[in-house]
Number of protein chains: 4
Amino acid sequence: MNKSRVEAVSDGVFAIAITLLVLTISAPDSSKYGDLGHQLANRWPALAAYVVSFAVIGIMWFNHHSIFAHFERVDRPFFFLNLVLLMTVAFLPYPTGILGEALRAGRGQRTAAVFYSITMTINGFAWTALWLYASSRRRLLNASFPEGQRRSATIAFSSGAFVYVLTIGVAVLSAYACLAFHAALAVYYALDPLSRRANAANPGRSR
Amino acid sequence: MNKSRVEAVSDGVFAIAITLLVLTISAPDSSKYGDLGHQLANRWPALAAYVVSFAVIGIMWFNHHSIFAHFERVDRPFFFLNLVLLMTVAFLPYPTGILGEALRAGRGQRTAAVFYSITMTINGFAWTALWLYASSRRRLLNASFPEGQRRSATIAFSSGAFVYVLTIGVAVLSAYACLAFHAALAVYYALDPLSRRANAANPGRSR
Amino acid sequence: MNKSRVEAVSDGVFAIAITLLVLTISAPDSSKYGDLGHQLANRWPALAAYVVSFAVIGIMWFNHHSIFAHFERVDRPFFFLNLVLLMTVAFLPYPTGILGEALRAGRGQRTAAVFYSITMTINGFAWTALWLYASSRRRLLNASFPEGQRRSATIAFSSGAFVYVLTIGVAVLSAYACLAFHAALAVYYALDPLSRRANAANPGRSR
Amino acid sequence: MNKSRVEAVSDGVFAIAITLLVLTISAPDSSKYGDLGHQLANRWPALAAYVVSFAVIGIMWFNHHSIFAHFERVDRPFFFLNLVLLMTVAFLPYPTGILGEALRAGRGQRTAAVFYSITMTINGFAWTALWLYASSRRRLLNASFPEGQRRSATIAFSSGAFVYVLTIGVAVLSAYACLAFHAALAVYYALDPLSRRANAANPGRSR
């Protein structure tokens, strides 16, 4: 399996997961459409969870491309590590729906936020594993990827995974703070320091 | 991320959202299949909402391609603006289902139509933002895109977004009139004056 | 929009619709899992409807490719006729689910079969319209497509649409006979006389 | 239809089926969110079934590519055999959901495991049929595929199908053992002896 195939396969899962998210917002109770406005207003936390997860997957998608641009090739273990990463992405609609519903219902919020954060933490570790596998001894890296970048990226990926562990703690304190934290992390990754710096070093490649 | 990648990613979301729409039509009550004909006949407004949203997404898809043909390249802020646009597309099945159900049930129609129109309005503003970002100071435009077209397209996109604000007002008056209005807007955009004129000016490019 | 883009877009809708079909099979009642074997056995007509619709979409997909191979280019009206065709494909999971549920419940079968057949008839007419638009005065046809083939294909497409009207009549008589008829039509189109003959005339092109 | 088209089509179905799997995990009862932690803990067998099916489809996807790399071309019967294979993949979310729910509810587990194993067995026979059709008299094989490999692959595919028959027997004994067996088979196919050996013989091609 060549690299562009793995990218196409990953794109497919990202695109489907991001679009399926809409199915996680619970439909209003059809026997109470007389009160539809109230029911929809009630659902704002589910919409917020939707928007955060949409942003999370969209930004992850972008960074997936940025990072793949630095790989020369892929191999079989890489495919399976990437598959684990894709599983956490494809799974995200499930905790998103539960978090939205818990916030709407006003019950089980912390449990739901912990569950959401655990999913994101596993996702974070999958990213770290993918990077460590691909970059250690420059296994799959482009020759042009700067060695200094490699070390700083390794630190960034490793610490990033532990930041997600932190979100589990925040979830225990407050589900809303936890959701806001995930939104902030998404914005942080949208700025994507790794790919920016690497692009600066190697502008032609990762465009 | 290069332009063709962003197009492929967008195509994926458009294709999935347009096909997921079918899940928004409420299934007949399975305990009353003796009366299935009546139940299906009852659902014609849900089918109408389905057809309108299908047309809306399909035509948007077409115009997304037409407009991308005028871009030389894409950049990071453009990717995120496009992501916001895709979010409104991916979200559309939710208000479509609610509008169809409200029209069928004969309750909550105006609320549902307002909700649908708000979604379409946000979508309209996302289009405007995408165009303004890409075209201002010809940031991402092809060199061959005529300067006169740029100005008229900017006027068309800006006024287009405000027409969607109008649909919110129509929704308050009548949900059926609102649905008809959205259908009419879809037909208008199917004729796509921008891409026609631009194609006339630049026939080889946007084919 | 160029031809390969329209093909990719169509592929997307075919792939999603065919895979979404599985969601139309009603889940067993989770409060009666003690009797799961009976519940699953009960669902054989839903499985049969699933298999028939899967075959219908899969074979349509194949023929979509075969026919597109004879087109030199596509244009805007063609895109919208193709969009109507895709809408009938994307919609098919809905009547499939209803037919399967009606056959399982033993109520509303004829209504469900008529509804399914009407969907397939609209699909048949969409195919005819697509072909007539593309082939009349050889508008979009390859120069190498034989003129004699064009006439016989036009006859085949036009009569094909009316065969689907027939299935509505069969549905009134028996839902099972109707489902079998649709299965037989799928097999007939799998043999695809048009593309076979055209391939014989023009073997290099449509491979 | 050329080979890369069939691969793209297959990729689409694999990507959608693997991502749809998440919809098979039953949502917690929204009236009991006070007890959400217990409800989620209760669902671990549904999560296990999800992970196994995700791995099964992901690995099948990989091997689909590996095997296709050995084919010179595809033809019409091959397309339809591949369509049958894709149907068993697209169908897998249905028995996965039932197995997860049966294990969670503690009722109907064996029936559910038998149903899951029957689906996998049909899938196994579809693989065998695909291989036998493509390889017998080297119909679609690359000239460079070694003849010795062809014979051993035929033995592997044929015996593989019968191993899946075995899983039906295991399902009768224990649903959990059956799920573990399917997980073990997925790991076995991840090691993919056929493609490894063939790659060794023909390293440039199947990369």
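Protein chains get the first letters and strands the later ones, always in sequence-line order, with residue 1 at the start of each.
- Here the side chains of D/N82 and D/H64 are in contact, with some heavy-atom distance below 4.5 Å.
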* Dump the intermediate steps for side chain to side chain donor-acceptor pair (under 3.5 Å) on D/S53 and D/Y116, then the final yes or no. => CA-CA 10 Å; D/S53 285; D/Y116 187 91; 2.7 Å; yes
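- Between D/T167 and D/L185, the closest side-chain pair of non-hydrogen atoms falls below 4.5 Å.
- For A/Y176, the OH atom counts as densely surrounded, since its 6.0 Å shell holds more than 12 non-hydrogen atoms of other residues, nucleotides or ligands.
- Taking the ring centre of D/F62 as origin, the terminal cationic atom of A/R76 falls outside the region bounded by 6.0 Å and 45° from the ring axis.
- Residues satisfying the salt bridge (Lys or Arg N to Asp or Glu O under 4.0 Å) criterion with A/R107, sequence neighbours excluded, are absent altogether.
- Applying a 4.5 Å heavy-atom cutoff, the residues of residues 33-51 of chain D that approach chain A are D/Y33, D/G34, D/L36, D/G37, D/L40, D/R43, D/L47, D/Y50, D/V51.
- Residue with the most contacts toward chain D among A/A8, A/P93, A/A112, A/G108: A/G108 (heavy-atom pairs, distance under 4.5 Å).
- The existence of a salt bridge linking A/K3 and A/E72 is excluded, since no basic side-chain nitrogen approaches an acidic carboxylate oxygen closer than 4.0 Å.
- Neither the backbone nor the side chain of A/L92 comes within contact range of chain D; no heavy atom of the residue lies under 4.5 Å from a heavy atom of that chain.
- Chain D forms the most heavy-atom pairs under 4.5 Å with one residue out of A/G12, A/A102, A/A105, A/G106, and that residue is A/A102.
- Side-chain rings of A/F68 and A/F78 approach one another, their centers coming within less than 6.0 Å.
- Atom-to-atom distance recorded for D/L86:CG and D/L81:CG is 11.0 Å, nearest 0.5 angstrom.
- Residue contact with chain A, scored on non-hydrogen atoms closer than 4.5 Å, involves the backbone and the side chain of D/L20 alike.
- The structure places CZ of A/F181 at 12.5 Å from OG of A/S174, a figure rounded to the nearest 0.5 Å.
- The shortest non-hydrogen separation linking A/H65 to A/D11 is NE2-OD1, 2.9 Å.
- Using a 4.5 Å cut-off between heavy atoms, A/A15 does not touch chain D at all.
- Counting heavy-atom pairs closer than 4.5 Å to chain D, the top residue among A/I98, A/V84, A/V89, A/L23 is A/I98.
- Within the 4.5 angstrom heavy-atom criterion, no atom of D/T24 approaches chain A.
- The side-chain heavy atoms of A/V56 and A/I59, taken from C-beta on, include no pair separated by under 4.5 Å.
- For the salt bridge (Lys or Arg N to Asp or Glu O under 4.0 Å) condition, the pairs that include at least one residue of residues 140-160 of chain D, sequence neighbours left out, are D/R138-D/E147, D/E147-D/R150, D/E147-D/R151.
- Using a 4.5 Å heavy-atom cut-off against chain D, no residue of residues 117-125 of chain A qualifies as contacting.
- For A/F91, the parts lying near chain D are the backbone and the side chain together; criterion is any non-hydrogen pair under 4.5 Å.
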